[in-house]
Amino acid sequence: MWLTKTVPTDTGWGVFWLRADPDLPHKARLFYAHVDFSGRVTVAPMWLLDVTRLALRDRYYNVAWHNDHYGLLIADQATLYYYNLSFDGVLSDKHAVGPPLFTSAVYDQEADSDIDSYPDGFVGVIEGECSGHSCSYAFRLDAQGNRVSPVYNLVDYDYTHTFYPASAYDGTGFVIIAVKDIVITQGGVGT
């Protein structure tokens, strides 16, 4: 089990995690459960979907709660997909969003990302493909996951990268951070 995430909802927490299955070595399996504020399991642990496993990718999903459903981003090979996920664990409305993802094994295949909810939908940030290397991007989605902004290139330094982009909505606007991790002799850390 790896990359667990708890997401606050109106009645408790959605709990998500990836699991490696020895019988499916080329898949990363995403699971979901819901726990109420008293600690009772209100949606039993369930398998949601499988994603093609890449050797150097760690981040395959990100999720945020919006009023009555989750917005779920899935990194599957070079494509970022959005799904609506109901409280009961039903997936719907799959469609591609965001930039193409980086899949070259020369550097790595990360898809570090974050998603946060705001009244009109979601703001997402992710590492994506950028002329043969990875860049950090941001975009806005409506409540059903349809893109309502361009994809903005936030950070593009060079071929080494660890951006760990993060986003948050504070009630009036967005805070988006992307960190560039480079060798200290070549400049240290930029944000």
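Values below: every heavy atom of this structure, side chains too, minus hydrogens, waters and symmetry copies. Here, residue 1 is the first one in the sequence, and each next residue gets the next number.
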Practice problem: State plainly whether one hydrophobic cluster holds both W47 and V35, where clusters connect Ile, Leu, Val, Met, Phe, Trp and Tyr through side-chain heavy atoms under 4.5 angstrom apart. | Solution: yes

Quiz prompt | Distance (rounded to the nearest 0.5 Å) between L80 CG and I74 CD1 | solution = 8.5 Å

Self-check item: Expected output: side-chain D36 to main-chain T11 donor-acceptor under 3.5 Å
Solution: no

Quiz item: Which distance, rounded to the nearest 0.5 Å, do you find between the CD of Q144 and the CZ of F122?
Solution: 8.0 Å

Self-check item: Hydrophobic cluster membership, V123 vs Y152, 4.5 Å side-chain cutoff
Solution: no

Practice problem: Check whether any side-chain heavy atom of V97 lies under 4.5 Å from a side-chain heavy atom of L141, and answer yes or no. | Solution: yes

Quiz item: Is R57 reaching over with its side chain to a backbone N or O of Q77, donor-acceptor style, under 3.5 angstrom?
Solution: yes

Quiz prompt | Side-chain heavy atoms of L73 within contact of V63, under 4.5 Å | solution = no

Quiz item: What class does the angle between the rings of F16 and Y61 fall in, given that below 30° is parallel, 30 to 60° is tilted and above 60° is perpendicular?
Solution: tilted

Quiz item: Within the distance-only criterion (no hydrogens, no angle test), does the side chain of Y83 pair as donor or acceptor with the backbone N or O of L85 below 3.5 angstrom?
Solution: no

Quiz item: S86 side chain to H69 main-chain N or O, any donor-acceptor pair under 3.5 Å?
Solution: no

Quiz item: Does the side chain of R29 come within less than 4.5 Å of L18's, by heavy atoms?
Solution: no

Quiz item: Yes or no on side-chain contact (heavy atoms from CB on, under 4.5 Å) for V43 and F87, after CA distance, side-chain angles and deciding distance?
Solution: CA-CA 8 Å; V43 176; F87 180 86; 3.7 Å; yes

Self-check item: Single-linkage hydrophobic cluster, 4.5 Å side-chain cutoff, V15 and V90 together
Solution: no

Practice problem: Indicate the atoms forming the closest heavy-atom contact of L154 with A138, along with that distance. | Solution: CD1-CB, 3.8 Å

Quiz item: Linking Ile, Leu, Val, Met, Phe, Trp and Tyr through side-chain heavy atoms less than 4.5 Å apart, which residues share a cluster with F37?
Solution: W13

Exercise. Answer yes or no: is there a side-chain heavy-atom contact under 4.5 Å between R59 and L3?
Key: yes

Practice problem: Answer yes or no: is there a side-chain heavy-atom contact under 4.5 Å between W17 and P45? | Solution: yes

Exercise. Scan side-chain atoms only and decide if D68 and W65 contain a donor-acceptor pair under the 3.5 Å cut-off.
Key: no

Exercise. Taking S149 for its side chain and R140 for its backbone only, find out whether a donor-acceptor pair lies under 3.5 Å.
Key: yes

Quiz item: Is a side-chain donor or acceptor of D76 paired with a backbone partner of V51 at a separation under 3.5 angstrom?
Solution: no

Quiz item: Shortest non-hydrogen contact from A64 to S117?
Solution: CB-N, 4.0 Å

Quiz item: Without hydrogens or angle criteria, can the side chains of Y82 and N84 be said to hold a donor-acceptor pair below 3.5 Å?
Solution: yes

Practice problem: Measure the shortest side-chain to side-chain distance between T79 and P100 over non-hydrogen atoms and say whether it is less than 4.5 angstrom. | Solution: no

Quiz item: Taking the side chain as C-beta and beyond, is there a heavy-atom pair between S167 and D114 under 4.5 Å?
Solution: yes

Self-check item: Cluster check I115, L101: I/L/V/M/F/W/Y, side chain < 4.5 angstrom
Solution: yes

Practice problem: Take Y32 and Y70 through the test side chain to side chain donor-acceptor pair (under 3.5 Å) and record every step on the way to the result. | Solution: CA-CA 11 Å; Y32 160 70; Y70 299 96; 3.2 Å; yes

Self-check item: Whether D112 side chain and E127 backbone form a donor-acceptor pair below 3.5 Å
Solution: no

Quiz item: Counting N and O atoms only, with roles assigned by atom type, does the side chain of Y137 sit under 3.5 Å from a partner on the main chain of E129, one being a donor and the other an acceptor?
Solution: yes

Quiz item: So, H34 versus T42: side-chain donor-acceptor pair below 3.5 Å or not?
Solution: yes

Exercise. Please answer whether the main-chain N or O of Y118 pairs with a side-chain N or O of H66 as donor and acceptor at a distance below 3.5 Å.
Key: yes

Quiz item: Just how far is it from atom NE2 of H95 to atom OH of Y81, taken to the nearest 0.5 Å?
Solution: 11.5 Å

Quiz item: Quick one: are L72 and L30 in side-chain contact, heavy atoms under 4.5 Å?
Solution: yes

